[in-house]
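Report on the structure given below.
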Amino acid sequence: MKKVLVDSSSAILLFKADLFDDLLDKYRIIMADSVYHELTRQDHAGSYAFKNFYRNQSFMVALPSEAEGFHKDGLLQKASLDRGEKDTILQYFVGSGEFIIIDDGKGASYCRDNGIPYINALLFPRILFLCSWISETEYRDKADQIIDAGRYSQRIIKHAFHCSKKELEFFLP
């Protein structure tokens, strides 16, 4: 199974669309410690579920000490990212995952600009559909749920709906 780092915004979107279990079935999920703590705050949707996923060892939490002292030419430290996004990217740099699922615009831009392989949550139902794990009707329903809960530009939505299996090949389970 591919090891995948997931940011909190993506985890929440996939949870709201009832796709987080599918993500856990298809990949070995790793979260930065700060992401896990953000997801399990009392006021977050699904906080109880994320605590149960962790108790059941459904995903791993990468501790900050594993990435301590790592700086990619200091660029990441200078980037104006929230702690969860920054810690997720640091975990990628130290080899904790093969790619990142991230929905934060600044985080995605950092990944794009620095050659870090990433997708957003909206592409996960597309992957399930392209691999014939869900029907086209289910795919469209799940994608619509993620669009409704997220903040996607029309350009990103159009890309997600037209992305080919070849374009997503690296990210396939």
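Computed over heavy atoms, backbone and side chain alike; hydrogens, waters and symmetry mates excluded.
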Quick one: side-chain hydrogen bond (donor to acceptor under 3.5 Å, both in side chains) partners of Asn52, sequence neighbours excluded? Arg55
Hydrophobic cluster membership, with links at side-chain heavy-atom distances under 4.5 Å among I/L/V/M/F/W/Y: are Tyr48 and Leu23 in one? no
Over all atoms of both residues, closest heavy-atom pair of Lys158 and His162: O-ND1, 2.8 Å
Is the shortest heavy-atom distance from the side chain of Leu13 to the side chain of Tyr152 under 4.5 Å? yes
Just by modelled atom types, is the Leu123 backbone N or O under 3.5 Å from a matching donor or acceptor in the Asn120 side chain? yes
Compare every heavy atom of Leu122 with every heavy atom of Ile147, then report the nearest pair and how far apart it is. CG1-CD1, 3.8 Å
Ignoring hydrogens and angles, tell me if any N or O in the side chain of Asn114 forms a donor-acceptor pair with the backbone of Ile116 under 3.5 Å. no
According to side-chain hydrogen bond (donor to acceptor under 3.5 Å, both in side chains), who are the partners of Thr40, at least two apart in sequence or on a separate chain? none
Over all atoms of both residues, closest heavy-atom pair of Ala11 and Met31: CB-CE, 4.4 Å
Is it true that Tyr139 and Phe161 have ring centroids separated by less than 6.0 Å? yes
Would you mind reporting whether Phe171 and Ile101 have side-chain heavy atoms less than 4.5 Å apart? no
Tyr36 side chain reached by Lys51 side chain, heavy atoms, under 4.5 Å: yes
Smallest separation among heavy atoms of Ile30 and Lys3, with atom names: CD1-CB, 3.6 Å
Please find out if less than 6.0 Å separates the ring center of Phe99 from that of Tyr27. yes
Pair Phe15 + Phe50: ring centers closer than 6.0 Å: yes
Side-chain touch Glu167/His159, heavy atoms, less than 4.5 angstrom: yes
Which heavy atom in Tyr118 sits nearest to a heavy atom in Cys111, and how many Å separate them? CD2-CB, 3.4 Å
Is the shortest heavy-atom distance from the side chain of Asp141 to the side chain of Glu138 under 4.5 Å? no
For Phe53 and Phe20: C-alpha separation, side-chain torsions, deciding distance, then whether ring-ring contact (aromatic ring centres under 6.0 Å, His included) applies. CA-CA 10 Å; Phe53 285 130; Phe20 196 76; 5.1 Å; yes
Is there side-chain contact between Ile29 and Ser58, with heavy atoms separated by less than 4.5 Å? no
Test item: Ser10 side-chain N/O and Asp103 main-chain N/O as donor-acceptor pair under 3.5 Å: yes
Please check this pair: side chain of Lys16 against backbone of Asp148, looking for a donor-acceptor N/O pair closer than 3.5 Å. no
Is the number of heavy atoms from other residues, nucleotides or ligands under 6.0 Å of Arg155 CZ greater than 12? no
The criterion is side-chain hydrogen bond (donor to acceptor under 3.5 Å, both in side chains); which residues satisfy it with Glu98, sequence neighbours excluded? none
Go through it in stages, so that I can follow the logic: the residues are Asp7 and Ser9, the test is side-chain hydrogen bond (donor to acceptor under 3.5 Å, both in side chains), and I'd like the CA-CA distance, side-chain angles, deciding distance and then a yes or no. CA-CA 6 Å; Asp7 182 43; Ser9 54; 3.1 Å; yes
If you look at every heavy atom in Tyr92 and Gly97, which pair is closest and at what distance? CD1-O, 3.5 Å
Is the backbone of Ser34 close enough, under 3.5 Å, to the side chain of Arg83 for a donor and an acceptor to pair up by distance? no
Quick one: does Pro173's side chain get under 4.5 Å of Ile127's, heavy atoms only? yes
Indicate whether the side chain of Asp87 and that of Gln91 have a donor and an acceptor atom separated by less than 3.5 Å. no
For the backbone of Leu81 and the side chain of Lys106, can you confirm whether one donor and one acceptor N or O come within less than 3.5 Å of each other? no
If you define the side chain from C-beta out and look only at heavy atoms, does anything of Glu85 sit under 4.5 Å from Tyr110? no
